Amino acid sequence: MRVGPIELSSPVLLAPMAAVTNLPFRTICERFGVGLTITEFLSADALSAGDPKAAAKLTASLGGAPFGVQIYGREDEPMQRAARMAVRIGAALVDINMGCPKKRVVAGVCGSALMQWPAMAQRLVRAVIEAVPAHVPVTVKHRAGWDERHRNAPEFACAMVEAGATMITVHGRTRTQGFSGSADLDIIRRVRAAVPGNVPVVGNGDVVDVDGYRRMRAHTGCDAVMIGRGALGNPWLFRRIREVEQGRPDPGPPSVAERREVFWRHVGLIEACEPLRGRIHELRKAGVWYTKGLRGVDRLRRRMWQIHEPAALIEAVEGFFADRLGSAPATGVSAAGT
Ligand SMILES: Cc1cc2nc3c(=O)[nH]c(=O)nc-3n(C[C@H](O)[C@H](O)[C@H](O)COP(=O)(O)O)c2cc1C
């Protein structure tokens with residue numbers, strides 16, 4: 001599938017997720033064949049004011065794979081400055097967040113609040129397009145609508161395309177739904193039908209397996225699928241979908257040995273990319289992710305919460321894997337080659 005001049009290797013995108021889609025996780029997903037990763041949403045105001053926390057999250061892919069940067073805001077100039085910063089680090093596209101339901105975001109008329117103000121949203125799209133070179137697509141991610149009475153995704157998507165958006169991603173829930181209920185595939189189908197055929201529409205919401213991917217494509221006619229929560233600790237999903245898409249058999253879920261290998265790879269990336277301060281949290285998250293569903297994991301989890309030192313935490317997870325595999329625990333397995 002194409003987004004403007006960018007050819008994606010697979011019609012599956014990793015959803016932007018705050019505090020999740022950092023560089024280590026994006027890199028892992030790239031290894032498993034995701035078509036595109038996108039940074040978590042970054043405040044245009046914070047970026048353009050030089051906030052170091054926001055700047056630290058503006059990261060280019062390690063291996064040169066295409067990546068998008070997602071920004072949010074409501075004023076043209078900070079959005080333009082943030083978009084130029086994204087382009088400077090090599091972003092293949094700039095995505096504008098018009099779906100975030102958080103109170104502090106919508107209170108500032110950003111994120112999903114923009115779905116109530118299509119003219120303002122159009123102005124932002126035009127401003128960002130003006131700020132970036134012509135070869136960098138500007139895309140929009142939004143929801144089904146603001147609430148049950150205002151499910152305006154089809155009209156809203158068309159307005160964004162009219163303003164120049166090159167790709168539309170729709171999460172099939174309203175803002176007031178947050179993450180409750182289930183994603184409405186019908187509204188994604190209506191967006192696909194409404195938007196001109198040369199603009200890709202990406203369906204998003206509740207896809208956690210190959211069947212869910214197939215269902216999303218078949219029911220909505222969308223050009224690609226974006227996966228968020230279903231990819232947490234499960235980057236194999238991208239490989240499974242890619243194989244099936246290319247007419248090969250589904251390789252199935254990972255073995256314990258594969259989980260262990262990816263855990264170590266993730267650890268190496270965390271050590272290379274994440275500041276010392278947040279490292280224990282990231283390691284714990286990786287430990288939880290890659291051991292999910294395995295026998296005896298509850299005990300490991302309880303232990304992990306009591307450990308506050310990175311090396312000890314890695315050792316506990318490795319010991320758990322070694323037990324399951326009947327092998328001696330490895331120490332300092334290299335994560336090189338990521
Ligand atoms: C922890 C978390 C953080 C999220 N952060 C963002 C974000 O920064 N930008 C965004 O557009 N959506 C964000 N989302 C929404 C996801 O991108 C996606 O639209 C939503 O989770 C539905 O897809 P899923 O069912 O595949 O998870 C976030 C979701 C989660 C669970």
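As the structure lists them, so they are numbered: ligands from 1, and atoms in each ligand from 1. Position 1 is the first residue of the sequence; numbering continues from there. As a basis for the values below, the full set of heavy atoms in this structure was taken, side chains included, without hydrogen atoms, waters or symmetry mates. Treat the numbers as computed from the prediction; the structure is a model and nothing was measured.
Looking at Asn97 against ligand 1, only its side chain comes within 4.0 Å, counting heavy atoms. Under 4.0 Å from ligand 1, heavy atoms of Met17 appear from its side chain as well as its backbone. Of all the heavy atoms of His171, the ones lying under 4.0 Å from any atom of ligand 1 belong exclusively to the side chain.
By the 4.0 Å heavy-atom criterion, Phe179 is counted among the residues contacting ligand 1. Residue contact annotation: Gly230 has no non-hydrogen atom under 4.0 Å from ligand 1.
Judged by the 6.0 Å distance and 45° axis criteria, Arg215 is not positioned over the aromatic ring of Tyr213. Geometrically, Arg26 does not engage Phe238 in a cation-pi contact defined by less than 6.0 Å to the ring centre and at most 45° from the axis.
No side-chain heavy atom of Asp184 sits under 4.5 Å from any side-chain heavy atom of Arg173.
Between the side chains of Glu148 and Thr176, no donor-acceptor pair is found at a separation under 3.5 Å.
Tyr72 and Ile168 are members of different hydrophobic clusters when ILVMFWY side chains are connected at heavy-atom separations under 4.5 Å.
Selection from Pro16, Gly228, Gly172 by nearest heavy atom to atom 17 (O) of ligand 1 gives Pro16. If you check each of Lys102, Glu40, Lys141 against atom 10 (C) of ligand 1, the one with the closest non-hydrogen atom is Lys141. Residue Gln70 holds the heavy atom nearest to atom 11 (O) of ligand 1 of all those in Gln70, Lys57, Arg173.
Shortest contact from atom 5 (N) of ligand 1 to any protein heavy atom: Ala18 N, 2.8 Å. Here the heavy atom of the protein found nearest to atom 19 (O) of ligand 1 is Asn204 OD1, 2.6 Å.
Between Val20 and ligand 1, no N or O atom pair is found at a separation short of 3.5 Å. Residue Met226 has no nitrogen or oxygen atom sitting less than 3.5 Å from a nitrogen or oxygen atom of ligand 1, judged on distance alone.
Counting atoms of ligand 1 from 1 in the listed order, those under 4.0 Å from a heavy atom of Arg229 are 21 (O), 24 (P), 25 (O), 26 (O), 27 (O), 31 (C). Near Ala15, meaning under 4.0 Å from any of its heavy atoms, are these atoms of ligand 1: 17 (O). The ligand atoms of ligand 1 that sit less than 4.0 angstrom from a heavy atom of Asp206 are 24 (P), 25 (O), 26 (O).
In this structure, CG in Leu325 is found 11.0 Å from CZ in Arg259, a value given to the nearest 0.5 Å. The distance from the CG atom of Asp223 to the CZ atom of Arg2 is 13.5 Å, given to the nearest 0.5 Å.
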ask   = Going through the distances and angles, do Ile6 and His135 end up as a side chain to side chain contact (heavy atoms under 4.5 Å, CB included)?
value = CA-CA 9 Å; Ile6 315 161; His135 68 271; over 6 Å; no

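Under the 6.0 Å cut-off for aromatic ring centres, Phe321 and Trp264 do not qualify, their centroids lying 6.0 Å or more apart.
Enclosure of atom CZ in Arg149 is not indicated, since only 12 or fewer non-hydrogen atoms of other residues, nucleotides or ligands lie within 6.0 angstrom.
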